[in-house]
Number of protein chains: 2
Amino acid sequence: MTSKALLYKRKILKELCFGNVLSALELSIRIEKSLPLTTRILNELVDEQILKESGYASSTGGRRPQRYSLVAGKMYVVSVAMDQLVTRIGIIDLQNCDISLSQKYNLVLSHNDASLSTLTKYINGFIKKSGIKKDKILGVGIGMPGFVDVDKGVNYSFLDHKGESIPAYIEEIIELPVFIDNDSSVIALTELKLGSAINTKNTMVINLGWGVGLGMIINGKLFRGNNGFAGEFSHIPLFENNKLCACGKSGCLETETSLLVVIEKAKKELDKGRVSIIKKIPADFEEACNTIISAAINGDQMAVELLLNMAYDLGKGIATLIHIFNPELIVLSGRGASAGNMLLAPIQHAINKYCIPRLSAYTKVIISTFSKSAELIGGAALVIENYDKKHSKQLITLLNN
Amino acid sequence: MTSKALLYKRKILKELCFGNVLSALELSIRIEKSLPLTTRILNELVDEQILKESGYASSTGGRRPQRYSLVAGKMYVVSVAMDQLVTRIGIIDLQNCDISLSQKYNLVLSHNDASLSTLTKYINGFIKKSGIKKDKILGVGIGMPGFVDVDKGVNYSFLDHKGESIPAYIEEIIELPVFIDNDSSVIALTELKLGSAINTKNTMVINLGWGVGLGMIINGKLFRGNNGFAGEFSHIPLFENNKLCACGKSGCLETETSLLVVIEKAKKELDKGRVSIIKKIPADFEEACNTIISAAINGDQMAVELLLNMAYDLGKGIATLIHIFNPELIVLSGRGASAGNMLLAPIQHAINKYCIPRLSAYTKVIISTFSKSAELIGGAALVIENYDKKHSKQLITLLNN
DNA sequence: TCGAACTAATTAAATTTTTTAAAAAGTTTT
DNA sequence: AAAACTTTTTAAAAAATTTAATTAGTTCGA
């Protein structure tokens with residue numbers, strides 16, 4: 001097979017990932033190739049049993065177009081979602097985007113080689129345990145906190161490998177293409193490919209959790225900035241509150257709006273003797289979040305108040321984004337999104353206060369429908385994003401069998 | 001000539017605008033066509049005397065590549081730069097990007113049809129007076145203040161034409177393709193095509209004048225937002241100063257950092273009896289700016305103090321941009337840029353205070369080298385940007401003669 | 001219910017474009 | 001002065017697109 005035909009096949013497979021079912025004409029437009037060429041490649045892929053015909057689309061006044069989709073169990077991606085304390089690894093069938101298997105590991109991130117080799121061992125072990133052959137796995141996508149330079153493959157905050165490429169190190173050992181990115185970018189990719197931001201060109205995805213991350217979709221593509229550090233929304237100077245931030249400055253957005261701050265404030269209130277259905281805040285971050293959010297959902301006044309105040313302050317930050325980007329959509333995602341629609345009213349309130357009405361009128365704010373799986377699925381999107389760019393031995397094998 | 005060959009010719013001409021001189025190989029890469037095809041088209045264009053061979057590039061270790069450039073006096077663009085009170089119209093030779101002729105008109109912008117028809121008359125009269133035949137003019141590019149929706153051709157702040165397209169109206173009368181855009185976007189285009197932002201992928205251009213505008217270059221292209229309103233940097237909520245802004249809110253960046261604010265502050269100081277080489281601030285905005293800036297350059301303490309304070313506050317806004325965009329470059333442009341390097345120190349000071357060092361280290365801040373002509377030249381860039389997209393009768397005529 | 005009008009898919013031929021390769025023409029380096 | 005290198009030119013082969021004609025299936029309205 002010529003290398004060009006292979007490229008076109010990849011482009012088609014890429015379009016059909018994540019459960020997409022498309023007609024020959026639609027595919028021809030998306031891969032920007034002529035219909036005869038697209039049809040030929042499509043037929044080859046069906047012969048190779050990687051694609052299947054899957055029914056007809058409804059007619060728009062004429063013959064119904066044949067639709068194509070991936071065959072299940074043929075193409076997988078391994079995805080890794082990391083935070084400071086816990087790492088989850090999953091394997092995802094690209095046909096339906098289901099997480100076939102996932103596992104949780106305790107891995108405290110530090111800025112040294114040790115975390116990296118541990119991580120690699122975990123991934124390797126996981127793949128073996130999954131029982132899925134490597135030639136069916138397109139690659140490994142890893143979302144991690146910190147300052148990640150995607151091009152250099154370096155994380156300046158964690159997993160230091162003497163400034164050398166992290167993906168290169170892992171690829172060496174597990175023999176699969178590896179891609180890394182910042183956790184907020186990965187969550188934004190999920191919203192873009194499978195979530196509320198599908199088909200949008202200009203969307204801001206806010207990752208509310210430990211801090212406040214931002215993934216930006218600009219012109220329909222994830223924007224990472226010049227060194228991959230774009231979206232450091234957490235630390236824009238927004239308040240004059242004299243509160244010291246983890247970054248060393250004061251008045252950062254993060255000093256008022258993050259789940260960590262809410263937890264701290266809740267502790268203080270309880271210490272002051274405030275009544276609440278919450279008796280004690282758990283030490284574990286994830287449990288603490290769940291405790292406060294579910295208390296709020298159950299109507300606990302203190303929890304509601306804390307979350308609403310946070311949302312209002314976040315709204316001021318969002319107002320800044322609207323002025324700068326004029327986005328069509330803002331998606332609230334990440335762990336904090338599980339507080340749900342409760343957050344929307346104060347955010348909208350702040351937007352009304354801090355935005356020129358002409359601008360805010362064009363931007364919708366919504367809550368992500370994804371639960372915790374957003375980052376895991378985004379890791380798959382990360383691999384697919386690079387699928388028609390980077391050389392992958394796996395597909396060649398798959399296509400030649 | 002086939003329509004495809006015409007398209008390729010336009011792509012090549014587009015690359016050679018603004019005084020660019022390129023080799024066949026460079027052009028082939030830029031228009032993304034093969035070298036044999038590019039060479040063929042190039043030869044045709046030379047035969048038609050629209051292009052000329054213009055010397056050799058220096059060798060990089062082998063045969064010196066032949067370079068090509070536009071022939072002077074063949075292709076012009078009419079450019080219009082508007083502000084609230086004054087409109088300048090110029091005609092620009094694309095070969096060397098010189099302003100062949102320009103004229104100033106007093107035109108007070110209002111939100112009605114009258115300004116629009118006056119503007120159209122001025123443009124028409126100017127073209128006639130220039131003595132350049134319309135078949136040599138590729139189009140008209142207009143930069144104007146206000147909320148401009150480029151796609152719809154509508155300005156929501158000024159020049160209302162009952163919500164109908166402004167370019168369509170002008171095109172009808174002057175029979176040339178017309179393009180409009182926001183003034184800050186146009187200035188950013190100038191920096192991208194001819195100024196300090198050439199070849200950058202990710203640059204913020206700040207238009208310091210009446211207010212504070214922002215033109216964003218993202219992935220090497222001007223970013224306008226979902227409705228063309230992106231870059232409303234003026235009105236991000238940044239201060240808690242209780243100062244009412246023209247937009248109705250308080251604490252906007254613009255309430256501390258714009259030349260208008262500096263002028264107001266200067267007046268107040270003088271009224272309070274402060275000593276200064278400035279005796280009286282002229283009523284005219286442009287003259288007032290010049291007075292204060294030149295006083296500062298001559299060492300007047302009051303003028304220096306006012307400008308440095310403004311620059312420091314602007315630096316806080318720039319810190320926000322750096323956190324969000326991680327840009328490689330920030331260009332300070334517009335009328336305020338004539339204060340020059342004086343502004344850089346306080347801006348850098350503010351960046352150091354409000355930015356995470358890891359981030360700010362990657363961003364350079366510079367002052368534009370353009371004087372007032374930036375907006376006029378940008379209008380030309382606006383036409384060229386659309387030159388291989390929109391149908392232009394003019395080029396077909398030009399190429400068929 | 002039956003065409004007319006429409007949309008989609010298929011096929012083949014003509015045309016365009018790219019790729020590949022080789023040769024020619026200069027430059028620089030050694 | 002030869003070797004190494006780069007760009008340009010040319011030509012032929014391969015690939016892709018365009019065009020047009022045909023076939024196939026749907027919808028809609030008379």
Side-chain angles (χ1 to χ4, degrees), chain A residues 1-16 20-48 50-69 388-389 391 396 399-400, chain B residues 1-16 20-48 51-69 388-389 391 396 399:
Chain A
M1 188 177 351
T2 68
S3 75
K4 261 206 156 166
L6 184 63
L7 177 68
Y8 299 153
K9 287 191 180 179
R10 287 198 184 185
K11 281 185 189 287
I12 286 176
L13 293 176
K14 192 173 166 175
E15 293 299 330
L16 292 174
N20 284 329
V21 185
L22 297 168
S23 73
L25 183 59
E26 286 168 321
L27 282 166
S28 140
I29 292 166
R30 294 205 188 189
I31 69 170
E32 297 182 307
K33 292 286 137 189
S34 70
L35 189 52
L37 180 60
T38 306
T39 311
R40 206 191 73 210
I41 296 168
L42 229 32
N43 289 335
E44 283 181 33
L45 283 168
V46 171
D47 287 346
E48 292 162 23
I50 298 165
L51 251 55
K52 65 171 193 281
E53 300 185 336
S54 59
Y56 297 93
S58 61
S59 166
T60 52
R63 179 171 174 174
R64 285 155 61 192
Q66 177 64 258
R67 307 199 311 159
Y68 298 86
S69 68
D388 55 352
K389 285 168 200 150
H391 181 78
I396 298 177
L399 285 174
N400 286 343
Chain B
M1 191 178 349
T2 68
S3 75
K4 260 203 159 168
L6 184 63
L7 177 68
Y8 299 153
K9 288 190 178 179
R10 287 197 183 188
K11 282 185 188 288
I12 287 176
L13 292 177
K14 191 173 166 176
E15 294 299 330
L16 292 175
N20 284 330
V21 185
L22 298 168
S23 73
L25 183 60
E26 286 169 321
L27 282 166
S28 140
I29 292 166
R30 294 205 187 189
I31 70 169
E32 297 183 306
K33 292 287 136 187
S34 69
L35 189 51
L37 180 60
T38 306
T39 311
R40 207 191 71 209
I41 296 168
L42 229 32
N43 289 335
E44 284 181 33
L45 283 168
V46 171
D47 288 345
E48 293 163 21
L51 249 55
K52 64 170 193 282
E53 300 183 336
S54 59
Y56 297 92
S58 62
S59 167
T60 52
R63 179 171 175 173
R64 286 154 61 190
Q66 176 65 258
R67 307 199 311 159
Y68 297 86
S69 68
D388 56 351
K389 283 168 201 152
H391 181 79
I396 297 177
L399 285 174

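Atom set for the values below is all heavy atoms of this structure, side chains included, hydrogens, waters and symmetry mates excluded. Remember, it's a predicted structure, so these values are computed and weren't measured experimentally. Protein chains get the first letters and strands the later ones, always in sequence-line order, with residue 1 at the start of each.
The backbone N or O of Lys33(B) lies less than 3.5 Å from a partner atom in the side chain of Ser28(B), making a donor-acceptor pair.
The CG atom of Asn43(B) sits 11 Å away from the P atom of dT8(D) (whole-angstrom rounding). Whole-Å rounding puts the Arg67(B) CZ to dT6(D) P distance at 19 Å. Atom CD1 of Ile29(B) and atom P of dT6(D) are 14 Å apart (whole Å). In this structure, Leu37(B) places its CG atom 16 Å from P of dA16(D), rounding to the nearest Å. Going from atom CD of Gln66(A) over to atom C1' of dA8(C) covers 11 Å, rounded to whole Å. With rounding to whole Å, Lys11(A) atom NZ is found 13 Å from dA16(D) atom P. Taking atom CD of Glu53(B) as the reference point, atom P of dT9(D) lies 8 Å away to the nearest angstrom. In this structure, the CZ atom of Arg40(B) is 8 Å from the P atom of dT16(C), given to the nearest Å.
Between Arg64(A) and dG25(D), a side-chain N or O to OP1/OP2 separation shorter than 4.0 Å is absent. The side chain of Lys33(A) contributes an N or O atom lying less than 4.0 Å from OP1 or OP2 of dT17(D). The side chain of Tyr8(B) places an N or O atom within less than 4.0 Å of a non-bridging phosphate oxygen (OP1 or OP2) of dT17(C).
Ser69(B) and Val21(B) get closest at one heavy-atom pair: CB-CG2, 4.0 Å. In terms of heavy atoms, Leu22(B) sits closest to Glu15(B) at CD1-O, 3.8 Å.
Heavy-atom distances to DNA chain D give each of Thr38(A) and Leu25(B) a nearest nucleotide, and the one nearer the 5′ end belongs to Leu25(B).
Of all nucleotides listed (dA8(C), dT8(D), dT17(D)), dT17(D) comes nearest to the side chain of Ser34(A).
Residues satisfying the salt bridge (charged side-chain N to carboxylate O under 4.0 Å, His left out) test with Glu26(A), not counting sequence neighbours, are none.
Considering only heavy atoms from C-beta on, Ile29(B) stays 4.5 Å or farther from Thr38(B) through its side chain. Counting only heavy atoms from C-beta outward, the side chains of Ile41(B) and Leu27(B) never approach each other to under 4.5 Å.
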Inset, instruction - Check the pair Lys52(A) / Tyr68(A) against side-chain contact (heavy atoms from CB on, under 4.5 Å), numbers first and verdict last. - result: CA-CA 6 Å; Lys52(A) 65 171 193 281; Tyr68(A) 298 86; over 6 Å; no
Listed pairs, N/O of protein and of nucleotides 21-24 of chain C, under 3.5 Å:
none

